[in-house]
Asks: 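Here it is: the structure, laid out below.
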Amino acid sequence: MVSLKPEVLARAGLLLQYVVSRDVPWLRPVGCSVGEDGFKCDFISTSGRWPDESLVKKVERAVVELESSGGVAPKYVGLVSDELVRLLGRSATYEINGVEVFLESEVKPSERAVKAVLIRNVSAHNPAKDVSLVRLIGVAFDDLDEYREWVEYYEEAIRRDHRVLGQKLDLFDFYEEAGPGLVIYHPKGQLIREELIKLVREINSRLGYSEVYTPHVYRSVLWKISGHYDLYRDKMVLADVDGEEYGVKPMNCPGHILIYKSRTRSYRDLPVRLAEFGTVYRWEKRGELFGLLRVRGFTQDDGHAFVREDQVELEVGNILREVFNLLSLFGIARENTRIYLSTKPEKYIGSDEAWDKATQSLKRALDKLGIQYEVKEGEGAFYGPKIDVHFRDSLGRWWQCSTIQVDFALPERFNLEYVDSDGSKKRPVMIHRAILGSIERFMAIIIEEFEGRLPTWLSPVQVIVVPVSKDVAEYALEVTEKLKNAGIRAVEDLSDETLQKKIKMAYEQAIPYVLVVGRKEATQKTVTIRGRGNLQASNVPLDTFVRELINEIRERALSQKALINILSKSPAIQNS
RNA sequence: GCCGCCGUAGCUCAGCCGGGUAGAGCACCGGCCUUGUAAGCCGGGGGUCGCGGGUUCAAAUCCCGCCGGCGGCUCCA
């Protein structure tokens, strides 16, 4: 991630507004804000026209020309009174050659000249129902080297894009005939899913969750009880069958609640913990879909804990610990994660006291683990406070993955109870949690994190065996067989291609290990191991490699530990 | 859903502006080569140019609608 300078973005935003109002009379500037990924400048189009590409290029050039011809210093005037600008929350006015331009008040524009401006997109912005603005978003630099570095970074980001890699590595695809936002996993993508599911099953068992399985459609009456029918209907897939209405599940909770309700629960039974890899469908609006990161059908590693109020903190703490294990398992840098605690919104259900208790429990759980987080006041769901973990994708966008939500609403709506020690009936609290969030979204994040070069345990193909020539084909098959018998996902490449090409293909398919075998290896029952980064160990006994590789996979190692171990333990077999 | 851009072979893309009926590379198939470390050589098959309508003697190319994708906005795991 190349970091942009807010003060440079601010200056560019101000100058951009100035040249636009100078050169494009039908666009009136109304505001500009600065974020970590660029500036956003909003304009009113008084003619109803939209700026086209050539106009955008012209304006970009005009800013740089203005700067190179001496530039002009934006003069701070004060806070604005304009209603529209207030609506945009950008309340400082500046003046350039007598033209009023705007900027959010917190940022100070740079004194230094802007050397490069790149407008990345023109789009509509609708801060209110009846207001449509022209929004230019872009980046700016006061140093040409930084500009070039940013462009390079951006091109790199496209190569890491999970949509590009997903196709190149034959993991998954979307098909027009199938419908937008509906992912179809190819065999290799499904192998990754299976590994992730296996991982979460282990986490679930550590946390005491029992896995269940529930249907994909329910009678609408269930969605009416849960409240989804009223609150969520526009995102639900509903169908009338035999004169009855059914709804495809957008969430798994109602099914789990029915299980909770299947018998009388004692305070001793709690927490009751149910987990499911539940595939849900949410009919997101068309423009909101985005690769695997935003789809219409996805599988959550969902789980619901029915707890007493006094159990919330411990339960949340345990889940959080697993979430952080997960981050380190995938080597996701802390700077690429954000943790939020969202508190009571304006509209809410449940008592203030319960909210306060639950929120304090979440806080204490976070603090006990020494986790740094941001509080989003009033951003909680109407049914309870929550903790969310967001990850950053290759383009710098943030996506919510892990989530832990306290819920007072559903226990109420479904009239959930347990019998307390004094024989009285009490209402449990529900904790909704997802460790990965959605498997789809999480997969996208890790594909980008690793640029497709997944750690061995996650790689759909872990080893490819490449014979040097046809006469060692049999040995290649023998090696592959042995690896497969050891539970390793191995394939052989007996095609007619040259060795060089086979190696190149293996690298492009991001296969972690290439085993080259020729006459020498065949007679000695060894393999020559080629790992990532052209790291190589020659003539390693096959058994040694299998043993080390099984360890690497079992430990879910991030690095190519097997090869590194072999190289460090027996430098004698190194042979270049 | 809103604004803009885009949609040509399995993939990446050229051709579209100034209409005359489709091309390249990779992949695939066949042959030669029998390979010791990131693309060996030669040949071949493959496209109702996203779908539908309109303009025209003639549409991949111009116009309209729809479908799908992308970048933003809004919303979310």
Side-chain angles (χ1 to χ4, degrees), chain A residues 37-38 40 42 45 48 50-53 56 119-129 131-138 158 161 163-164 167-168 170 173-181 232 234-235 250-251 278 280 282-296 298-302 381 386 388-391 395 397-403 405 432-442 444-445 466-473 495-508 514-521 528-530 533-534 536 538 575-576:
Chain A
D37 51 3
K40 301 173 178 182
D42 293 324
S45 172
W50 284 82
D52 61 15
E53 216 171 295
V56 164
I119 293 170
R120 296 175 46 213
N121 188 255
V122 182
S123 73
H125 178 55
N126 308 84
K129 244 190 179 157
V131 187
S132 184
L133 302 173
V134 175
R135 167 165 286 189
L136 303 185
I137 70 157
I158 293 163
D161 192 313
R163 295 165 296 182
V164 175
Q167 184 177 67
K168 193 175 144 212
D170 195 18
D173 213 342
F174 295 88
Y175 297 85
E176 198 173 325
E177 310 89 299
Y232 217 80
D234 57 324
K235 285 195 176 183
M251 292 186 192
V280 294
R282 299 180 186 175
W283 232 245
E284 307 291 353
K285 292 180 204 153
R286 277 296 314 283
E288 290 165 352
L289 301 174
F290 184 84
L292 279 187
L293 285 162
R294 192 80 187 275
V295 290
R296 280 180 171 164
F298 58 98
T299 304
Q300 294 179 306
D301 59 331
D302 211 351
K386 58 178 186 173
D388 294 322
V389 183
H390 295 230
F391 297 155
L395 292 167
R397 288 181 277 213
W398 292 92
W399 300 90
Q400 182 185 316
C401 289
S402 321
T403 184
Q405 309 181 353
H432 307 244
R433 51 110 269 206
I435 310 285
L436 307 177
S438 103
I439 295 179
E440 286 67 22
R441 182 172 284 183
F442 193 79
I445 296 284
V466 178
V468 171
S469 70
K470 274 229 166 81
D471 41 283
V472 282
S495 70
D496 233 3
E497 301 295 344
T498 57
L499 179 61
Q500 292 174 65
K501 185 157 175 178
K502 289 179 183 179
I503 289 171
K504 181 173 170 64
M505 290 302 139
Y507 269 103
E508 287 194 345
V514 181
L515 298 188
V516 178
V517 295
R519 285 208 189 91
K520 201 164 56 185
E521 287 84 357
T528 290
I529 309 162
R530 216 187 145 95
N534 289 332
Q536 177 166 319
S538 298
N575 170 7
S576 49

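A note on names: the letters A, B, ... follow the listed sequences, proteins ahead of strands, and every chain is numbered from 1. Here the structure is a predicted model, which is why all the values come from computation and not from measurement.
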Asks: Paired with rC17(B): which nucleotide, if any, by Watson-Crick or G-U wobble criteria at under 3.5 Å for both distances?
Replies: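 Pairing partner, where one exists within any strand: none, as none qualifies.
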Asks: With a cut-off of 6.0 Å (strictly less than), are more than 12 heavy atoms of other residues, nucleotides or ligands near CZ of Arg519(A)?
Replies: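 No, because the 6.0 Å sphere around CZ of Arg519(A) holds 12 heavy atoms or fewer from other groups.
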Asks: Starting from P on rA27(B), measure out to NZ on Lys168(A) and report it in whole angstrom.
Replies: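 Rounded to the whole Å, the gap is 14 Å.
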Asks: Would you give the length of the straight line joining atom NE2 of His390(A) to atom CD1 of Ile445(A), rounded to the nearest 0.5 angstrom?
Replies: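 If we round to the nearest 0.5 Å, His390(A):NE2 and Ile445(A):CD1 are 11.0 Å apart.
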Asks: Answer with base, sugar-phosphate or nothing: what part of the nucleic acid does Lys502(A) contact at a heavy-atom distance below 4.0 Å?
Replies: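 Result for Lys502(A) = nothing.
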Asks: Does Lys501(A) make a side-chain N or O approach to OP1 or OP2 of rA27(B) shorter than 4.0 Å?
Replies: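 Indeed, a polar side-chain atom of Lys501(A) lies that close.
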Asks: What is the pairing partner of rC62(B), taking Watson-Crick or G-U wobble pairs with both distances under 3.5 Å in any strand?
Replies: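 Base partner found: rG54(B).
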Asks: Under 4.0 Å from OP1 or OP2 of rA39(B): is there any side-chain N or O of Gln500(A) that close?
Replies: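 Yes, such a contact exists.
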Asks: For the pair made of CD in Glu497(A) and P in rG36(B), what is the distance, rounded to whole Å?
Replies: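 Between P of rG36(B) and CD of Glu497(A): 14 Å.
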Asks: Is there aromatic stacking of Trp399(A) on rA77(B) here, judged by a ring-centre distance under 5.5 Å and a plane angle under 30°?
Replies: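 Stack criterion not met.
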Asks: Trp50(A) stacking on rG4(B): centroids under 5.5 Å, ring planes under 30°?
Replies: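 Not stacked: fails the 5.5 Å / 30° test.
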Asks: I'd like to check Val472(A) versus Glu521(A) (side-chain heavy atoms, cut-off strictly below 4.5 Å). Are they in contact?
Replies: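 Sidechains of Glu521(A) and Val472(A): no contact.
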Asks: Have a look at Asp388(A) and say if it touches a base, only the backbone sugar-phosphate, or nothing, with a 4.0 Å heavy-atom cut-off.
Replies: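 Counting heavy atoms under 4.0 Å across all strands, no contact is made by Asp388(A).
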Asks: Which nucleotide sits closest to the side chain of Tyr507(A): rA38(B), rG36(B), rU35(B)?
Replies: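 That would be rA38(B).
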Asks: Please identify which of these residues, Arg294(A), Arg282(A), Arg296(A), Lys235(A), meets the salt bridge (charged side-chain N to carboxylate O under 4.0 Å, His left out) condition with Glu288(A).
Replies: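 Single salt bridge (charged side-chain N to carboxylate O under 4.0 Å, His left out) partner of Glu288(A) among Arg294(A), Arg282(A), Arg296(A), Lys235(A): Arg294(A).
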Asks: Kindly indicate whether the side chain of Phe174(A), heavy atoms from C-beta on, has any atom under 4.5 Å from the side chain of Arg163(A).
Replies: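 A side-chain contact is absent here, since even the closest heavy-atom pair is not under 4.5 Å.
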Asks: What is the pairing partner of rC2(B), taking Watson-Crick or G-U wobble pairs with both distances under 3.5 Å in any strand?
Replies: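 When the pairing criteria are applied, rG72(B) turns out to be the nucleotide that pairs with rC2(B).
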Asks: Looking only at atom P, what distance separates rC67(B) and rA39(B), rounded to whole Å?
Replies: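 Here rC67(B) and rA39(B) have their P atoms 45 Å from each other.
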Asks: Among Val389(A), Asp301(A), Asp302(A), find the one that has a side-chain contact (heavy atoms from CB on, under 4.5 Å) with Ile435(A).
Replies: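 Of the listed residues Val389(A), Asp301(A), Asp302(A), the side-chain contact (heavy atoms from CB on, under 4.5 Å) partner of Ile435(A) is Asp301(A).
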Asks: State the CG-NE2 distance between Asp42(A) and His125(A), to the nearest 0.5 angstrom.
Replies: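 Those atoms lie 5.0 Å apart.
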Asks: Taking only side-chain nitrogens and oxygens of Gln536(A), does any of them come within less than 4.0 Å of OP1 or OP2 of rG36(B)?
Replies: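 For Gln536(A), the contact criterion (side-chain N or O under 4.0 Å from OP1 or OP2 of rG36(B)) is not met.
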Asks: Which parts of nucleotides 63-74 of chain B does protein reach within less than 4.0 Å, heavy atoms only, written one letter per nucleotide 5' to 3' as B for base, S for sugar-phosphate only and - for none?
Replies: ----BSSSBBBB
Asks: Contact class for Thr528(A) vs. all strands (heavy atom < 4.0 Å): base, sugar-phosphate, or nothing?
Replies: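 Base, at least one base atom sits under 4.0 Å.
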Asks: Write down the distance between CG (Leu499(A)) and P (rA38(B)), rounded to a whole number of angstrom.
Replies: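 Interatomic distance, CG of Leu499(A) to P of rA38(B): 8 Å.
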Asks: Given the P atoms of rU12(B) and rG20(B), what is the spacing between them in whole Å?
Replies: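 It comes out at 26 Å once rounded to the nearest Å.
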Asks: Any idea which heavy atoms bring Trp50(A) and Val122(A) closest together, and the distance?
Replies: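 The pair with the smallest heavy-atom distance is CE3-CG1, 4.3 Å.
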Asks: Judged by each residue's nearest nucleotide on RNA chain B, which is more toward the 5′ side, Asn534(A) or Gln167(A)?
Replies: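 Going by which nucleotide is closer to the 5' end, it is Gln167(A).
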Asks: With nearest nucleotides of RNA chain B determined for Glu508(A) and Val295(A) from heavy-atom distances, which residue corresponds to the more 5′ nucleotide?
Replies: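 Checking each residue's closest nucleotide, the 5'-ward one belongs to Glu508(A).
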Asks: Checking all strands, does Thr498(A) fall into the base, sugar-phosphate, or nothing category for heavy-atom contacts under 4.0 angstrom?
Replies: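 Base contact.
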Asks: Measure the shortest side-chain to side-chain distance between Leu515(A) and Ile529(A) over non-hydrogen atoms and say whether it is less than 4.5 angstrom.
Replies: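 Sidechains of Ile529(A) and Leu515(A): in contact.
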Asks: Is it the case that the base of rG36(B) and the side chain of Glu521(A) share a donor-acceptor contact (distance under 3.5 Å, atom types as modelled)?
Replies: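 In this structure, the two groups form a donor-acceptor pair.
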Asks: Does rC26(B) have a Watson-Crick or wobble partner in any strand here, with both distances under 3.5 angstrom, and which is it?
Replies: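 Here rC26(B) is engaged in a pair, and the nucleotide opposite it is rG10(B).
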Asks: Tell me the interatomic distance from Asp302(A), atom CG, to rA77(B), atom C1', rounded to whole angstroms.
Replies: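 Spelled out: CG on Asp302(A) to C1' on rA77(B) is 10 Å.
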Asks: Taking atom C1' in both rC49(B) and rC73(B), compute the distance separating them and give it to the nearest angstrom.
Replies: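 The answer is 33 Å between these two C1' atoms.
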Asks: Between rG65(B) and rC6(B), how far is it from one P atom to the other, in whole Å?
Replies: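 Straight-line distance between the two P atoms is 15 Å.
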Asks: Pick the C1' atom in rC66(B) and in rU56(B), then give their distance to the nearest Å.
Replies: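 Between the two C1' atoms, the distance is 23 Å.
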Asks: Tell which nucleotide pairs with rG46(B), taking only Watson-Crick or G-U wobble pairs whose two distances are both under 3.5 angstrom.
Replies: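 rG46(B) is unpaired by these criteria.
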